[in-house]
Undergrad: 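Starting off with a structure, shown below.
The structure displayed is predicted, hence computed values, not measured ones.
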Amino acid sequence: MDNAKIREAARHLNQSQSLVVLTGAGVSAESGVPTFRDALTGLWAQFDPQQLATPAAFEANPKLVWDWYEYRRDLVSKVKPNAGHYAIAELEDMLPQVVVITQNIDGLHQAAGSSDVITLHGDITRHKCYANCKGDPTLIDIRKLKWGHEAGPPHCPYCDAFVRPDVVWFTERLPVDALDRAFAVSAKADVMLIVGTSGVVQPAAQMPYRAKRFNGGYLIDVNPDQDALTPIIDLHLDAPSGEILPQVIRAMRTSA
Ligand code: BV8
């Protein structure tokens, strides 16, 4: 990676008064969490994640979708944040405002020490009643439930509906508070650091456009590949985030 681009990123970040970091699956790739682009492996290889992550799939085959999330929840419980997550957390000690907006449900930003994280698509470690019988979300602690795991999802202790992961499935509305705050901070961002997203899934992919349109925000994209946001990006750091973000932090400290 040419150092001039790293110094340019450091210069803009050091001047930021209202930084927003937008992340996707790519920031967790170096921790061993497959991205949505990565074809599913093993017994999941035959499935398309966008088909499995839907209410329709859960209604059609609750055990299949439940087992897929149990597989992912087990995988996530065994991985650690990588240097990219820690670099993003470190920005909080260096800048007046750092808000992380993530599409990821793995909790790795929080585990790395980021204190202000907006989880747009929920959290794989949480569960709720499929009918939200006591309001959305009707959270349920599955550790307190006794059920035959091989039979698929447990049932809600209040209304007997199925229990599901507290994540946002395709065609479902995002949590209103999280989405409203994400829209608000994005519209005030003077710099947006975009890390590991293909920029395809809506409404998350609207955040960089809001920063650019409402505040002339400077957009830095960290992604080894081009993505759907490339046309509006000001600076593209085409390298893995776990490798390049620690270098950007060092450049910020040396040029501060
Ligand atoms: C909704 C949780 C409506 C579950 C997820 C407008 C136009 C077109 C379509 C739509 C539209 N509006 C809505 C839609 C439909 C849909 C949508 O966007 N479809 C897409 C496919 C076109 N959106 C929805 O359904 C949303 N809901 O709109 O509701 C509504 C509105 C009002 C009232 C009622 C209903 C809900 C969307 C959320 C779905 N849930 N996740 C789970 O995880 O199981 S989305 C899920 O997929 C992730 O959270 C993430 O958002 C997305 C995957 O994208 P990325 O994170 O970007 O990952 P990806 O694998 O694609 O790319 C990884 C990138 O990283 C790559 O570019 C790669 O190069 C890069 N990379 C790899 N390694 C590294 C790296 N980068 C850096 N370092 C590395 N080491």
Undergrad: Compare every heavy atom of Gly242 with every heavy atom of Ala83, then report the nearest pair and how far apart it is.
TA: CB-O, 3.4 Å
Undergrad: Keeping Asn132 on the side-chain end and Thr138 on the backbone end, is there a donor-acceptor pair under 3.5 Å?
TA: yes
Undergrad: At what distance, to the nearest 0.5 angstrom, does CD of Glu30 lie from OG of Ser241?
TA: 4.5 Å
Undergrad: Would you mind reporting whether Ile124 and Arg72 have side-chain heavy atoms less than 4.5 Å apart?
TA: yes
Undergrad: Quick test of your reading of the model: are Lys78 and Asp74 salt-bridged, counting only N-O distances below 4.0 Å?
TA: yes
Undergrad: For atom NZ of Lys63, is the number of surrounding heavy atoms from other residues, nucleotides or ligands below 6.0 Å larger than 12?
TA: yes
Undergrad: To the nearest 0.5 Å, what is the distance between CG on Asp166 and OH on Tyr69?
TA: 11.0 Å
Undergrad: For the atom pair CG (Leu75) and CD (Glu70), what is the distance rounded to the nearest 0.5 Å?
TA: 12.5 Å
Undergrad: Show the nearest heavy-atom pair for residues Tyr158 and Cys133, with the distance to one decimal.
TA: CB-SG, 3.8 Å
Undergrad: Is there side-chain contact between Leu219 and Asp221, with heavy atoms separated by less than 4.5 Å?
TA: no
Undergrad: For Leu229 and Ile194, work out which heavy atoms get closest and say how close.
TA: CD1-CG2, 3.9 Å
Undergrad: Is Arg11 salt-bridged to Glu8, cutoff N-O under 4.0 Å?
TA: yes
Undergrad: Between Arg164 and Glu172, is the closest basic N to carboxylate O distance under 4.0 Å?
TA: yes
Undergrad: Can you confirm whether the side chains of Ser28 and His85 place a donor and an acceptor under 3.5 Å from each other?
TA: yes
Undergrad: Do other residues, nucleotides or ligands put more than 12 heavy atoms under 6.0 Å from Lys188 NZ?
TA: no
Undergrad: Grab the two heavy atoms, one from Pro153 and one from Phe162, that are nearest each other, plus how far apart they are.
TA: CG-CD2, 3.5 Å
Undergrad: Mind telling me whether Trp66 and Trp147 have parallel, tilted or perpendicular rings, with 30° and 60° as the class edges?
TA: perpendicular
Undergrad: Once you round to the nearest 0.5 Å, how far does NE2 of His155 lie from CD1 of Ile140?
TA: 11.0 Å
Undergrad: Would you give the length of the straight line joining atom CZ of Arg181 to atom CD1 of Ile118, rounded to the nearest 0.5 angstrom?
TA: 4.5 Å
